[in-house]
**Student:** 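Just dropping this structure here.
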Amino acid sequence: MTQGLFISFEGGEGAGKSTQVRRLSQRLSALGREVVATREPGGSPGAELIRDLLVNGPAERWSPVTETLLMYASRRDHVERVIVPALERGAVVLSDRFHDSTRAYQGAGGGAAAELIAALETHCLGKVRPDLTLIMDLPVSVGLARAMGRGGAEARFESKGEAFHEKLRQGFADIAAAEPERCRLINANQTPDELEALIWDLVQPALAAVS
Ligand code: TMP
């Protein structure tokens, strides 16, 4: 039976993750693989309801600890109902954000305790972790300008200010340095075509390992 493969896409605002998830999904589907392209917060009906609470409204609507708990409520539902069943079927799961976003945004950016986040990872995720994580890195000013150019919807995190976004950018760099087996830090300041080619080069060995 074909083994499943779990790939997460991470990074700050405006890094172009969604475009690359779409392009990779098309390439993998063309090879005949079942692909489940999903996102966080969200990805299951219940988790999408929680997403609405998280990404809309004023920046101070939730504290970093409350955000962490809401992220994990949505993540647990997503994992139980979408990710685990897909991996058990042998699908390739592409998730636009996963657990590293909580470490970076609520932890490094917001100051939520690393021990709390680690405990939630242990108890809510079990053994479920991405096989490969592509962290798309971009200078904060470039990413925020791109994200704001998309319009005002779902802009709660964008509105948290440059200092917050600098901290979470460093948070992602620290994750990549701490887990080099799983994570690849990608310079996202390239054209979508260049990024697509680079990502394909990184994904092929991971795919070969489970085929
Ligand atoms: P998106 O803009 O990539 O769809 O993500 C929605 C927002 O949610 C984005 O600003 C990052 C934020 N987020 C967190 O703060 N923590 C998390 O764990 C996740 C998954 C997303």
Side-chain angles (χ1 to χ4, degrees), residues 6-22 24 37-44 46-79 82-83 93-114 116-121 123-125 128-130 133-138 140 142-172 174-175 183 186 188 195:
F6 182 13
I7 302 175
S8 59
F9 285 71
E10 296 282 5
E13 308 297 318
K17 293 179 284 84
S18 311
T19 303
Q20 294 304 324
V21 167
R22 205 164 43 244
L24 180 58
T38 186
R39 69 170 181 181
E40 287 205 348
S44 63
E48 288 289 331
L49 293 173
I50 300 171
R51 176 187 176 96
D52 189 47
L53 297 173
L54 280 160
V55 300
N56 293 309
E60 303 316 320
R61 183 179 192 183
W62 310 110
S63 75
V65 170
T66 313
E67 267 172 16
T68 301
L69 298 172
L70 287 168
M71 289 295 174
Y72 266 89
S74 72
R75 181 161 301 132
R76 174 69 194 198
D77 194 64
H78 185 214
V79 165
V82 175
I83 295 179
V93 174
L94 306 180
S95 190
D96 187 339
R97 300 192 182 281
F98 194 63
H99 71 315
D100 295 313
S101 278
T102 307
R103 295 183 187 178
Y105 278 77
Q106 283 65 52
L116 169 68
I117 296 172
L120 287 164
E121 288 178 8
H123 293 287
C124 301
L125 302 183
V128 178
R129 296 289 185 287
T133 296
L134 305 170
I135 300 178
M136 298 180 58
D137 180 61
L138 202 58
V140 167
V142 177
L144 283 178
R146 277 197 204 167
M148 285 172 184
R150 290 195 298 239
E154 297 196 333
R156 188 172 156 262
F157 287 95
E158 287 162 30
S159 69
K160 284 185 182 244
E162 287 223 15
F164 171 82
H165 289 276
E166 290 290 356
K167 283 191 265 181
L168 74 88
R169 183 187 186 201
Q170 185 59 49
F172 277 124
D174 292 344
I175 293 167
C183 301
I186 295 172
L195 281 168

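Quick note: numbers below take in every heavy atom, side chains included, and nothing from hydrogens, waters or symmetry partners. Remember, it's 1-based here, ligands and their atoms both numbered in the order they're listed.
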**Student:** Scan Leu53, Val55, Ile50 and name whichever one has a side chain to side chain contact (heavy atoms under 4.5 Å, CB included) with Pro41.
**Tutor:** Val55

**Student:** Do any N or O atoms from the side chain of Arg103 and from the backbone of Gly171 form a donor-acceptor pair under 3.5 angstrom?
**Tutor:** no

**Student:** What protein heavy atom lies closest to atom 18 (O) of ligand 1? Include the residue and the distance to one decimal.
**Tutor:**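 Closest protein heavy atom to atom 18 (O) of ligand 1: Thr102 OG1, 2.6 Å.
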
**Student:** Restricting to salt bridge (charged side-chain N to carboxylate O under 4.0 Å, His left out), what partner residues turn up for Glu10, sequence neighbours left out?
**Tutor:** none

**Student:** Whether the side chain of Arg61 engages the backbone of Asn56 through a donor-acceptor N/O pair (distance < 3.5 Å, no angle test) should be reported.
**Tutor:**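 It does hold such a pair.
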
**Student:** Which protein heavy atom lies closest to atom 15 (O) of ligand 1, and at what distance to 0.1 Å?
**Tutor:** Gln106 NE2, 2.9 Å

**Student:** So, applying salt bridge (charged side-chain N to carboxylate O under 4.0 Å, His left out) with Arg51, which one of Glu67, Glu154, Glu40 is it?
**Tutor:** Glu154

**Student:** Please state which part of Arg156 comes within less than 4.0 Å of ligand 1, counting heavy atoms only: side chain, backbone, both or neither.
**Tutor:** neither

**Student:** What's the shortest distance from atom 1 (P) of ligand 1 to any protein heavy atom, and which residue and atom give it?
**Tutor:**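 Looking at atom 1 (P) of ligand 1, the protein heavy atom closest to it is Arg97 NE, 3.6 Å.
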
**Student:** For ligand 1, indicate whether the residue Val55 contacts it via side chain, backbone, both or neither (heavy-atom separation under 4.0 Å).
**Tutor:** side chain

**Student:** Is His99 reaching over with its side chain to a backbone N or O of Pro130, donor-acceptor style, under 3.5 angstrom?
**Tutor:**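 No; zero donor-acceptor contacts below 3.5 Å.
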
**Student:** Under a 4.0 Å N-O cut-off, is there an ion pair linking Arg39 with Glu48?
**Tutor:**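 So Arg39 pairs with Glu48 through a salt bridge.
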
**Student:** Which heavy atom of the protein is the closest neighbour of atom 4 (O) of ligand 1, given with residue, atom name and distance?
**Tutor:**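 Checking every protein heavy atom, the shortest distance to atom 4 (O) of ligand 1 gives Arg51 NH2, 2.9 Å.
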
**Student:** Please name all residues satisfying side chain to side chain contact (heavy atoms under 4.5 Å, CB included) with Leu49, sequence neighbours left out, ordered by chain then number.
**Tutor:** none

**Student:** Does Arg75 have a heavy atom less than 4.0 Å from any atom of ligand 1?
**Tutor:**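 Under 4.0 Å: yes for Arg75.
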
**Student:** Among all the protein's non-hydrogen atoms, which is closest to atom 10 (O) of ligand 1, and how far away is it?
**Tutor:** Glu13 OE2, 2.7 Å

**Student:** What atoms of ligand 1 come closer than 4.0 angstrom to any heavy atom of Glu40?
**Tutor:** 20 (C)

**Student:** Looking only at protein heavy atoms, which one is nearest to atom 19 (C) of ligand 1, and what is the separation?
**Tutor:**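 Result: Ser101 CB, 3.5 Å.
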
**Student:** Is the backbone N or O of Asp137 less than 3.5 Å from a side-chain atom of Arg169, with the two atoms forming a donor-acceptor pair by type?
**Tutor:** no

**Student:** Of all the non-hydrogen atoms in the protein, which one sits nearest to atom 7 (C) of ligand 1, and at what distance?
**Tutor:**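 Answer, as residue, atom name and distance: Phe157 CD1, 3.7 Å.
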
**Student:** To check your reading of the model: name the closest protein heavy atom to atom 13 (N) of ligand 1, its residue, and the distance in Å.
**Tutor:**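 The closest one turns out to be Met71 CE, 3.5 Å.
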
**Student:** In terms of atom number and element, which parts of ligand 1 are under 4.0 angstrom from non-hydrogen atoms of Lys17?
**Tutor:** 3 (O)

